[in-house]
Amino acid sequence: MSVRVQADPNQPQAQDQSFSAAFELQGNPDQGELRLYTPLGSTAAGIQWTPINAVLQAHGETRQFRDLAQLITLVLGTDVPVTALFAWLAGQNQEVDGWQVDLSARNQGKIAARRTAPALPAELQVVLDN
């Protein structure tokens, strides 16, 4: 999984932000677990969520969040539509305001989505390894 957020053009010193990691995802938008791995295969972070909270375990610390959206924004540097992501992974073209998804290569294990508005432009790419 990789996420790239373009720099704010109103911030002269700002730079694009990017994040990439191997991942393992279980569950559904309401309750589940996401593990992010380093290039060497060790666990970089573990995320668990329920309808009432989300928990991040990383760097030997555990942090609580009010919801998954807040936690994802912190970890990935931008909001990612998690409910839609589950649909996209299942091959469903769920629409989300400001996001365009490309599922044309899903049978080859690739999903791409691009946010064009209202926040800064962002790209999400997922490569599936079944």
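The main-chain N or O of I52 is found under 3.5 Å from a side-chain atom of T50 such that the two form a donor-acceptor pair. At least one donor-acceptor pair under 3.5 Å links the side chain of W88 to the backbone N or O of Q94. Checked by atom type and distance alone, the side chain of T73 pairs as donor or acceptor with a backbone atom of A69 at under 3.5 Å.
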Problem - Working for side-chain contact (heavy atoms from CB on, under 4.5 Å), residues V101 and L124 - result: CA-CA 9 Å; V101 65; L124 169 68; over 6 Å; no
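Once rounded to the nearest 0.5 Å, the distance linking CG of D102 with CD of E123 reads 11.5 Å. Between L36 atom CG and S42 atom OG the span is 11.5 Å, to the nearest 0.5 Å. The distance from the CG atom of L120 to the CZ atom of R4 is 11.5 Å, given to the nearest 0.5 Å. Once rounded to the nearest 0.5 Å, the distance linking CD of Q70 with CZ of R63 reads 8.5 Å. Here the CG-CZ distance, from L56 to F65, works out to 5.5 Å after rounding to the nearest 0.5 Å.
Neither V80 nor Y37 shares a network with the other; the hydrophobic side chains, linked directly or stepwise wherever heavy atoms of I, L, V, M, F, W or Y lie under 4.5 Å apart, form separate groups for each. There is a path of hydrophobic side-chain contacts, each under 4.5 Å, that joins V96 to V82. In terms of hydrophobic clustering, with Ile, Leu, Val, Met, Phe, Trp and Tyr side chains grouped at heavy-atom distances under 4.5 Å, V55 and W49 are assigned to different clusters. Linking ILVMFWY residues whenever their side-chain heavy atoms come closer than 4.5 Å, directly or via other members, places V5 and L74 in the same cluster. Note on L76: it clusters hydrophobically with F86, by side-chain heavy-atom contacts below 4.5 Å among ILVMFWY residues.
Minimum interatomic distance between F19 and V75 (heavy atoms only, all atoms of both residues): CD1-O, 4.1 Å. Across every non-hydrogen atom of A58 and A44, the tightest pair is CB-O, 3.6 Å. Here the shortest heavy-atom pairing between L71 and A54 reads CD1-CB, 3.7 Å. The minimum heavy-atom distance linking K110 with V127 is given by the pair CG-CG2, 4.5 Å.
Heavy atoms from other residues, nucleotides or ligands lying under 6.0 Å from CD of Q64 number more than 12. Counting non-hydrogen atoms of neighbouring residues, nucleotides and ligands closer than 6.0 angstrom, the CZ atom of R114 reaches no more than 12 such neighbours. Annotation for Q108: atom CD counts as buried by contact number, over 12 foreign heavy atoms lying within 6.0 Å.
Taking 4.5 Å as the limit, every side-chain heavy atom of L68 sits out of range of all side-chain heavy atoms of P29. A heavy-atom distance below 4.5 Å is found between the side chains of L89 and L128.
Among residues two or more places apart in sequence or in another chain, the side-chain contact (heavy atoms from CB on, under 4.5 Å) test is passed with S20 by S2.
The only member of I111, L25, V3 that meets side chain to side chain contact (heavy atoms under 4.5 Å, CB included) when paired with V126 is I111.
Side-chain contact check for Q6 and D16: no donor-acceptor pair (N or O, by modelled atom type) lies under 3.5 Å.
Using a cut-off of 4.0 Å between Lys/Arg side-chain N and Asp/Glu carboxylate O, R35 and E33 are scored as salt-bridged.
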